[in-house]
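Just so it is clear, the model here is predicted, and its values are computed rather than measured. Numbers restart at 1 for each chain; the letters A, B, ... are given by sequence-line order, proteins then strands.
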Amino acid sequence: MQTLVADLLAWFEKHAADLPWRRDRTPYAVWLSEIMLQQTQVATVIGYYERFLARFPTVEALAAAPLDEVLKLWEGLGYYSRARNLHRAARVVVEQYGGRFPGRAAELQTLPGVGRYTAGAIASLAFGEDVPVVDGNVIRVLARVFDIAEDVGQEATRKRLWTLAESLIPPGAAGQYNESLMELGRVICKPRQPECGVCPIQVHCAAYRLGVQEGRPVKAPRKPIPHYDVVAGVIHGRDGQQGRILIAQRPADGLLGGLWEFPGGKREPGESLPEALVRELREEMGVTVEVGAFLVKVRHAFTHFRITLHAFECWIAAGEPARIGVADFAWVTLDELDRYAFGKADQGIIAELRERPRRLL
DNA sequence: AATACGGGGAG
DNA sequence: CTCCCAGTATT
């Protein structure tokens, strides 16, 4: 009987999917793909990866670009701190490493946005260092093969998984081993209804032998997530800004950092939606608005909360826009909205504006 | 150790 | 609807 790792590698050699980032194992391409793949499925990443690499073929090109352009290419992919860190890291690589990525996991991990997983992936795949990776796939495969019954959310269990993954590395072939483990987790050893019948390492799997594969890995139950009502103003320009809308850029850090939005904010208890909008626009931009017609309602889910976004037409009754709680603002036409990166919820407002253009636009 | 951080795929 | 995804940074 072959060993677990030998069977795994033999399967991967025969069944590896043809993914764009498997054609270019340069450190830059591997790094980019691994950042995009954080908490994001392969199918979602492919288009973004190809567009991004076409626009920024080298780390120098990325480092030279304005952050706004990077965010625009990242628009819709989520976890925008990844894009901000990617841009920062590109500048570090160019300015401090002469454009060459460091070749060791320990040093790679000092780059912004590069944690232990990503450092291990770049070091093993692009540089051939014998270091492991532990992502959601690896956790699931190892928890099943070794029938790990402890909560994988616990730090002690994570440590055990890293040690286990490292102990299995075939000398000189960590990259192939790491990829094969992740591919098996994605294609065969899936979270629900794993395809044990065609699994190349079924005979090595303790959970399968015990019939508990659907119960591995063990995870603690999630906490309920809150819901908020959020208001947004589509503020029509007057006088010199006739035919334009006021949009604002969110602060660089935090939720949707650096993205643009229709300004507004969360409704407080006891407040009506128009009252909330008037308050938020005073607080964030220093303007007093007259709230007009309700425009559209957009429901959206984030990781830790859900929102219902209520958009209203507005006009400025007093004051001039100021950068108080926003990083920037701009008066733009409907066509010019395409140049700015927006979150998904605000794109629902844009879709409504394009579908039923207002007379005043 | 717990929480913040997006959006979409798939059952 | 729920769960989860080639995780990282912050507190």
What is the separation between atom [atom1] on [X] and atom [atom2] on [N], rounded to the nearest whole Å?
{"X": "A/Tyr48", "N": "C/dA6", "atom1": "OH", "atom2": "C1'", "value": "18 Å"}
{"X": "A/Arg82", "N": "C/dA6", "atom1": "CZ", "atom2": "C1'", "value": "11 Å"}
{"X": "A/Glu214", "N": "C/dC4", "atom1": "CD", "atom2": "P", "value": "11 Å"}
{"X": "A/Arg306", "N": "C/dC3", "atom1": "CZ", "atom2": "C1'", "value": "11 Å"}
{"X": "A/Glu183", "N": "C/dA6", "atom1": "CD", "atom2": "P", "value": "10 Å"}

TODO: Using the P atoms only, state how far C/dA6 lies from B/dA10, rounded to an integer number of Å.
DONE: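 Rounded to whole Å, the distance is 11 Å.
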Task: Nearest-angstrom distance, P atom, C/dT10 to B/dG6 - done: 14 Å
Using a 4.0 Å heavy-atom cut-off across all strands, classify [X] as base, sugar-phosphate, or nothing.
{"X": "A/Trp74", "result": "nothing"}
{"X": "A/Leu77", "result": "base"}
{"X": "A/Glu34", "result": "base"}
{"X": "A/Gly185", "result": "nothing"}
{"X": "A/Arg22", "result": "base"}

Task: Residues from residues 191-199 of chain A lying under 4.0 Å of DNA chain B - heavy atoms - done: A/Arg192, A/Gln193
Task: Residue whose nearest DNA chain B nucleotide is more 5′ - A/Thr44 or A/Gly153 - done: A/Gly153
TODO: Identify, between A/Gln154 and A/Phe342, the residue whose nearest nucleotide on DNA chain B lies closer to the 5' end.
DONE: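 It is A/Gln154 whose nearest nucleotide is closer to the 5' end.
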Please enumerate all residues that pass ring-ring contact (aromatic ring centres under 6.0 Å, His included) together with [X], with sequence neighbours excluded.
{"X": "A/Phe12", "answer": "none"}
{"X": "A/Trp21", "answer": "A/Tyr49"}
{"X": "A/Phe127", "answer": "none"}

Open item on the list: Is it true that A/Tyr340 and A/Gln249 share a donor-acceptor pair across their side chains at a distance under 3.5 Å?
Closed with: no
Open item on the list: Less than 6.0 angstrom from the centroid, inside 45 degrees of the normal: does A/Arg100 satisfy that with respect to the ring of A/Tyr97?
Closed with: no
Task: Hydrophobic cluster membership, A/Val30 vs A/Val59, 4.5 Å side-chain cutoff - done: yes
Open item on the list: List the residues meeting salt bridge (Lys or Arg N to Asp or Glu O under 4.0 Å) with A/Lys219, not counting sequence neighbours, and say none if there are none.
Closed with: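 Salt bridge (Lys or Arg N to Asp or Glu O under 4.0 Å) check on A/Lys219 returns nothing, list empty.
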Using a cutoff of under 3.5 Å, can you pull out all pairs of nitrogen or oxygen atoms linking the protein to nucleotides 7-11 of chain C, with atom names and distances?
residue: C/dG7; atom: OP1; partner: A/Gly136; partner atom: N; Å: 3.0
residue: C/dG7; atom: OP2; partner: A/Gln39; partner atom: N; Å: 2.9
residue: C/dG7; atom: OP2; partner: A/Gln39; partner atom: NE2; Å: 3.4
residue: C/dG7; atom: N7; partner: A/Gln39; partner atom: NE2; Å: 3.3
residue: C/dT8; atom: OP1; partner: A/Gly115; partner atom: N; Å: 2.8
residue: C/dT8; atom: OP1; partner: A/Gly115; partner atom: O; Å: 3.4
residue: C/dT8; atom: OP1; partner: A/Thr118; partner atom: N; Å: 3.0
residue: C/dT8; atom: OP1; partner: A/Thr118; partner atom: OG1; Å: 2.8
residue: C/dT8; atom: OP2; partner: A/Tyr117; partner atom: N; Å: 3.4
residue: C/dA9; atom: OP1; partner: A/Gly113; partner atom: N; Å: 2.6

Counting only pairs under 3.5 Å, give me each side-chain donor-acceptor contact of residues 291-311 of chain A, with atom names and distances, residues two or more places apart or in other chains.
residue: A/Thr308; atom: OG1; partner: A/His227; partner atom: NE2; Å: 2.8
residue: A/His310; atom: NE2; partner: A/Asp229; partner atom: OD1; Å: 2.8

- [ ] Keeping to residues at least two apart or across chains, list the ring-ring contact (aromatic ring centres under 6.0 Å, His included) pairs with something in residues 137-196 of chain A.
- [x]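 Sorted pair list comes back empty.
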Open item on the list: Could you tell me the boundaries of the chain A footprint on DNA chain B, defined by atoms under 4.0 Å from its heavy atoms?
Closed with: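 Using the under 4.0 Å cut-off, the span is B/dA1 to B/dG11.
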TODO: Could you tell me which residues satisfy side chain to side chain contact (heavy atoms under 4.5 Å, CB included) with A/Ala17, sequence neighbours excluded, listed by chain and number?
DONE: A/Leu19, A/Arg22, A/Glu183, A/Arg186
What side-chain donor-acceptor pairs closer than 3.5 Å can you find for residues 197-209 of chain A, not counting sequence neighbours?
residue: A/Gln202; atom: NE2; partner: A/Cys196; partner atom: O; Å: 2.9
residue: A/His204; atom: NE2; partner: A/Asp7; partner atom: OD2; Å: 2.7

Task: Within residues 325-339 of chain A or reaching into it, pairs that qualify as salt bridge (Lys or Arg N to Asp or Glu O under 4.0 Å) - sequence neighbours excluded - done: A/Arg244-A/Glu336, A/Arg323-A/Asp328, A/Asp338-A/Arg354
